[in-house]
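Quick notes on the structure that follows.
For reference, positions follow the sequence shown, starting with 1.
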Amino acid sequence: MEMRNKKLMAVCALLLVALSASAQKGAPRVATPPLDQMTNQVTGVVRNDNITEMADKSAVVEGSVYLNDEWRQGSLYTSAGQVLENIPIKYDIRHDVMEVKTEDGVKVLSGMYIKRFEWVDKENQEKALFLNCKDFGLNERIYAGFFRVVVPGAKVQLLSHTELQVQEANYTPILDVGDKKAEILKKEKFYISDGKQVLELKDKNAFKIFGPEEGEMKQYAKKSRLKISKRNDAALLLAHYNTKH
């Protein structure tokens, strides 16, 4: 056991040296992963809290797995408290990893170790902020990845979550019709959150996000002819609520 611990310590030391050398060349730095005291194993050496070499991807379906296909200049805020500013980044939804372009090539950082990230949209030059879903206390199997803050608010905010759906191949050889390849499709869903709970806009109980003011907000929506299930209407309702309460 003593020999095994010595080997693990040596591995950690080598990782620190390697990351330090990369940082001196211009590559972003992140925290060395913690030692799992229960198993005496170094966790996340390759895929978790370290930026690592880019792995090859074998395309089995058509379509993009990225939130945005092009590189965006942005900043990452890691769970270890470090900030990587003004770097080219691209988020892979399917594998929940952030790709980072460095002078030494493309590296990857697991999404589970990113608290939030932000970039400036090229279309409107507005800053886009993304928050890790796990920080909302949700089921990580269902809500993996990040929520985008569509409408910020001191009490309630409007969020969006982009999911990937695979449209399976439906080719029929006998009739020679249909698609021969599966296709990846992106679907954006909208949610409202008070920081403690997250409700989809299509939820029939979505108004309960307003707590004691639920009845009042329903009356305001009816009077203003606003439907909380619609993205733009929800934004107006949240703006009114955050201003009045």
List, one per line, each side-chain donor-acceptor pair under 3.5 Å for residues 198-208, sequence neighbours excluded.
{"residue": "Asp203", "atom": "OD1", "partner": "Asn205", "partner atom": "N", "Å": "2.8"}

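Applying the side-chain contact (heavy atoms from CB on, under 4.5 Å) criterion to Val149, with sequence neighbours excluded, gives Leu129, Leu131, Pro152, Gln157, Leu159. Annotation: ring-ring contact (aromatic ring centres under 6.0 Å, His included) contacts of Tyr220 (sequence neighbours excluded): His240.
Atom-to-atom distance recorded for Ile114:CD1 and Leu84:CG is 8.5 Å, nearest 0.5 angstrom. Expressed to the nearest 0.5 Å, how far OG of Ser193 lies from CZ of Phe147 amounts to 7.5 Å. For the atom pair OH (Tyr91) and CH2 (Trp119), the distance works out to 10.0 Å, reported to the nearest 0.5 Å. If you take NZ on Lys155 and CD1 on Ile209, they are separated by 13.0 Å, rounding to the nearest 0.5 Å. Note that CZ of Arg116 is 12.5 Å distant from OG of Ser79, once rounded to the nearest 0.5 Å. Here the CD1-OG1 distance, from Ile87 to Thr102, works out to 9.5 Å after rounding to the nearest 0.5 Å.
Taking a cutoff of 4.0 Å between a charged side-chain nitrogen and a carboxylate oxygen, Glu163 and Lys187 do not qualify as a salt bridge. The pair Glu70-Arg72 counts as a salt bridge, with a side-chain nitrogen and a carboxylate oxygen less than 4.0 angstrom apart.
Lys218 places a side-chain heavy atom less than 4.5 Å from the side chain of Glu214. Counting heavy atoms from C-beta outward, Val83 and Leu76 have side chains that stay 4.5 Å or more apart. Val150 places a side-chain heavy atom less than 4.5 Å from the side chain of Arg231. No side-chain heavy atom of Leu164 sits less than 4.5 Å from a side-chain heavy atom of Leu185. In this structure, the side chains of Tyr191 and Ser160 stay at 4.5 Å or more apart for every pair of heavy atoms. With a 4.5 Å cut-off on side-chain heavy atoms, Leu238 and Phe210 count as touching.
Distance alone, capped at 3.5 Å, is enough to place a donor-acceptor pair between the Asp194 side chain and the Gln197 backbone. Of the possible donor and acceptor atoms, none in the side chain of Asn132 sits under 3.5 Å from a partner among the backbone N and O of Asp135. The closest donor-acceptor contact from the side chain of His161 to the backbone of Ala144 lies under 3.5 Å. With Asp233 contributing its side chain and Leu226 its backbone, the two residues share no donor-acceptor pair below 3.5 Å. Formation of a donor-acceptor pair under 3.5 Å by the Asn242 side chain with backbone atoms of Val156 is found in this model.
Ring geometry for Phe117 versus Phe130: interplanar angle under 30°, hence parallel rather than tilted (30 to 60°).
Of all non-hydrogen atoms in Gly74 and Ile89, the two that sit nearest each other are CA-CD1, 4.0 Å. When all heavy atoms of Met217 and Leu237 are compared, the closest pair comes out as CE-O, 3.5 Å. Contact detail for Asp104 and Lys107: the closest heavy-atom pair is O-NZ, 3.6 Å. Here the closest heavy-atom approach between residue Lys134 and residue Met112 is recorded as CE-O, 3.0 Å.
In summary, of the residues considered (Asp96, Thr162, Leu67), a side-chain contact (heavy atoms from CB on, under 4.5 Å) with Phe146 occurs for Asp96 alone. Checked options Lys90, His95, Arg94; the residue passing with Asp92 is His95 (criterion: side-chain hydrogen bond (donor to acceptor under 3.5 Å, both in side chains)).
If you check the side chains of Glu99 and Tyr66, you find a donor sitting under 3.5 Å from an acceptor.
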*Begin with the C-alpha distance, continue with both residues' side-chain angles, and end with the deciding distance and a verdict on side-chain contact (heavy atoms from CB on, under 4.5 Å) for Met98 and Ser110.*
CA-CA 6 Å; Met98 183 69 72; Ser110 172; over 6 Å; no
